[in-house]
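Quick notes on the structure that follows.
Residues: numbered from 1 along the sequence shown.
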Amino acid sequence: MTDDVNPGASDADVEPGPSGEAATDGSGEAAPKRMKFPTALTVLAIVLGVVWLASFFIPSGVYELDDTGGPVPGTYQELPECADAAPDVQCVDKSIAAQFKLLWRAPPTGLYGVQSTSTQYVSADEEGFLYGSAQIFFFVLAVGAFITVTMKTGAIEVGIGRLAQRFSKSPVILVAVLMTIFALGGTSYGMWEETLGFFALLVPLVLALGYDRMVAVSIIFLGAGTGVVASTVNPFATGVASDAAGISISDGLGLRVVLLLILVPLAIGYVVLYGRRVRSDPSRSLVAGDLPAEADAIGPGAAPVDVPELTGRQKTTLVIFFGAFLTMIYGFIPWNDLWDTFFDSEFPLPTFDSFYFTEASMLFLVAAVVIGVISKLGEEGTVNTIVAGAADFLGAALVIVAARGITVVMKNTYITDTVLHWMEDSVSGATASKFAVGAFLVNIPIAFLVPSSSGHAALVMPILAPLSDFAGVPRAMTVTGFQTASGFVNFLTPTSAVVMGGLTLAKVRYDRYLRFLAPFLGIVLVILIAAMAIGASL
C-alpha cells in the first residue's frame, strides 16, 4: 500500500563496507556522511511541536456551525484569555500550568482546552490522540496482517507469473493485462510496497520478450501508480481523507472512476509505444549501455521464465483475497443512495446496515485466519505471520496517530477556526474551479514532505475540508485533490523506499527513470488539473 513511513530515508552516519567496517573514500578517510530526508514520522513530530508552540501565540476562536457541522462564513468570534475574561464568559487558558494539568485529565483533552472562569473545562475534541484514530489504526494493522498472510502463500506471485507465461507470445496483451492488475491493486488498497516482490519475476520476463528493463519498471510503477492516483476505494488514502473530512468514502467516487478509466489506458499506451520502439531498435532504449551486454542478452525467443503451477490451495487463496476486497468495496459504497438517485425506487437493495473501518478490520482478520488454515501454515505459523504483518504496517499506523495528534492540538486549543478565518477571505471570492485546482496543487509539495498517504490525509483534511465549504466546493472534490496529488508525487519521490528500491532491483538509474517518466507526468498533470476544474464546476 502507498503508506510507508519513508523507511528509505533513515539516517546513516557512514556507509558500511563489505566486511561491516566503515567505508572509506579511497584515501583511508571515512566516507562523508550522506544527508537524507527525515522520515514521515519525524516530519510530523516536528510539525506537532511547531503547532503546539504556535498555539500559545495564535488567537483562539470559533465559528458557528450549520446543520451539517460545517462552519458558517462570517460567524468567527475570537475567544479571550481567561485572565482577561469577564465571569461566566467562555475563554481559553493558555498558561503552562493549564497545559500540564490537562495532560493528566481523563478523558484526554489534548494539551490544553477551553474553560470558563468557574474552572469547568470544555474540550473541543475529547477523543485525544489515539482514540479518535483507533478505528483506522487497527484497520491498517488488519490489512497489513491480511496482505502478509496472502503473500506468504505465494499465491499472488505465482498467479501473476502464470498470467505472464500465458501471454508471453502476445507481449502487448501481456503488458496491458499486468498493468491493469497492478492498477486494480493500486485503486482498491493502494498497492505499492507489495510491488517490490515482482521485479525479480518481470525483469527476466520482459527481457525475454525483447523489451528492456525500463519496461519492467514501468509495468509495475505506472500500472500501480495510476491506480493509486485514481484511488476509488483505497482505504489508506481516500478512506482516511474522507473520514477526516466528515464524508463517506463513496462521495466523489464517480470522478475517481472516470480518472481510472482515463489514466490506466493512457499508461498502458505509453508503455506499449516505448516497448515497441525498443523491440524494433534496441539502441533507442533509455537504459542501453548502462549494463554489460551479457546482462541483458536474453532477447525474444529465449526460454520463458519458470513459474510453478498454481495449487488448489493457492487458487482458493486468490478467491478469498479478491473476495475480501470486493466485500469491503461493497460494504463501503452506499448502494441504496445511488439506487434512489438514479431509479427513485421504493425497494431497497440488500446492503450492510453498518459497514466501515471496524467491520472491515474484522473482515480482513478473519480472512487472514481462513487463508492461514487453507494454506496449512499451522496455528503458530498463521499467528506469527499475522503478528509480523501487523508489525510491518505499525509504522504507517503510527503516522496516522501522529497526524491525528496535530489535529487534536489545533482543535483543543481552538486555533483551527482561526486558521480557517485567516483563509476565509482568500477563498470566498474564488471560483469553485480555481479552489479545486489550488487544493490539488497545494498538496503536491506536502506529499513530498509527508510521503505517507494516511498521514498526509489526516494532516491536511481538517483544514482543507471546511475551507472548501467557504469556497462552495464539495468536500469530496477536496479529498480527490489530495489523493491525486499524493499519488502523483508517489511516481517519482526520491525519498520513497519503493521507488528507489524497485529501481535498484531492476538495475535502472533514477535519472533514466525520470527521463522516461517526464512526458507521461506532464500529460497526467494536465489531465488532473482539468479534471479538478471540470469536476468542481459541475
What distance separates [X] [atom1] from [Y] [atom2], expressed to the nearest 0.5 Å?
X      : Y      : atom1 : atom2 : value
Arg279 : Asp281 : CZ    : CG    : 13.5 Å
Phe488 : Leu528 : CZ    : CG    : 7.0 Å
Leu178 : Ile268 : CG    : CD1   : 10.0 Å
Thr327 : Ile320 : OG1   : CD1   : 11.0 Å
Leu263 : Thr187 : CG    : OG1   : 10.0 Å
Lys315 : Leu318 : NZ    : CG    : 10.0 Å

May I ask you to decide if the ring planes of [X] and [Y] are parallel, tilted or perpendicular, using 30° and 60° as cut-offs?
X      : Y      : result
Phe236 : Phe139 : tilted
Tyr510 : Tyr513 : tilted
Phe146 : Phe364 : tilted

With a 3.5 Å cut-off and sequence neighbours excluded, list the donor-acceptor pairs that the side chains of residues 218-228 form with protein atoms.
{"residue": "Ser218", "atom": "OG", "partner": "Met214", "partner atom": "O", "Å": "3.0"}
{"residue": "Ser218", "atom": "OG", "partner": "Val215", "partner atom": "O", "Å": "2.9"}
{"residue": "Thr226", "atom": "OG1", "partner": "Leu222", "partner atom": "O", "Å": "2.7"}
{"residue": "Thr226", "atom": "OG1", "partner": "Gly223", "partner atom": "O", "Å": "3.0"}

Are any of the side-chain heavy atoms of [X] and [Y] separated by less than 4.5 Å?
X      : Y      : value
Thr317 : Ser375 : yes
Asp212 : Val206 : no
Pro474 : Met477 : yes
Met151 : Ile156 : yes

Does any N or O in the side chain of [X] come within less than 3.5 Å of the main-chain N or O of [Y], such that one atom is a donor and the other an acceptor?
X      : Y      : result
Thr153 : Thr150 : yes
Asp251 : Ser248 : yes
Tyr211 : Arg276 : no
Thr238 : Pro235 : no
Ser280 : Arg277 : yes
Ser285 : Val287 : yes
Thr311 : Gln314 : yes
Ser250 : Leu253 : no

Which atom names give the shortest non-hydrogen contact between [X] and [Y], and what distance separates them?
X      : Y      : value
Ala237 : Ser231 : CB-OG, 4.5 Å
Ala506 : Phe199 : CB-CD2, 4.0 Å
Val499 : Thr493 : CB-O, 3.9 Å
Ile249 : Asn234 : CD1-O, 4.5 Å
Ser537 : Ser433 : CB-OG, 3.5 Å
Gly487 : Val229 : C-CG2, 3.5 Å

Practice task
Take Thr382 and Ile371, measure what side-chain contact (heavy atoms from CB on, under 4.5 Å) needs, and give me the verdict at the end.
Solution key: CA-CA 9 Å; Thr382 300; Ile371 288 176; over 6 Å; no
Problem - side-chain contact (heavy atoms from CB on, under 4.5 Å) between Asp243 and Met461, worked out - result: CA-CA 9 Å; Asp243 183 72; Met461 292 314 300; over 6 Å; no
Exercise for the section: Kindly determine whether Phe516 and Tyr270 satisfy side-chain contact (heavy atoms from CB on, under 4.5 Å), including the steps that lead there. Expected result: CA-CA 10 Å; Phe516 167 81; Tyr270 188 78; 3.6 Å; yes
Completion exercise
So the salt bridge (charged side-chain N to carboxylate O under 4.0 Å, His left out) pairs with at least one residue in residues 512-522 (sequence neighbours excluded) are Asp290-Arg512
Practice task
Verify whether the ring centers belonging to Phe325 and Phe321 lie closer than 6.0 Å.
Solution key: yes
Handout entry: Set of side-chain contact (heavy atoms from CB on, under 4.5 Å) partners for Ala457, sequence neighbours left out
Key = Val240, Ala241, Phe482
Exercise for the section: Report the C-alpha separation of Thr484 and Leu259 in whole Å, then their side-chain angles, then the decisive distance to 0.1 Å, and conclude whether the side-chain contact (heavy atoms from CB on, under 4.5 Å) test is met. Expected result: CA-CA 10 Å; Thr484 51; Leu259 283 175; 3.9 Å; yes
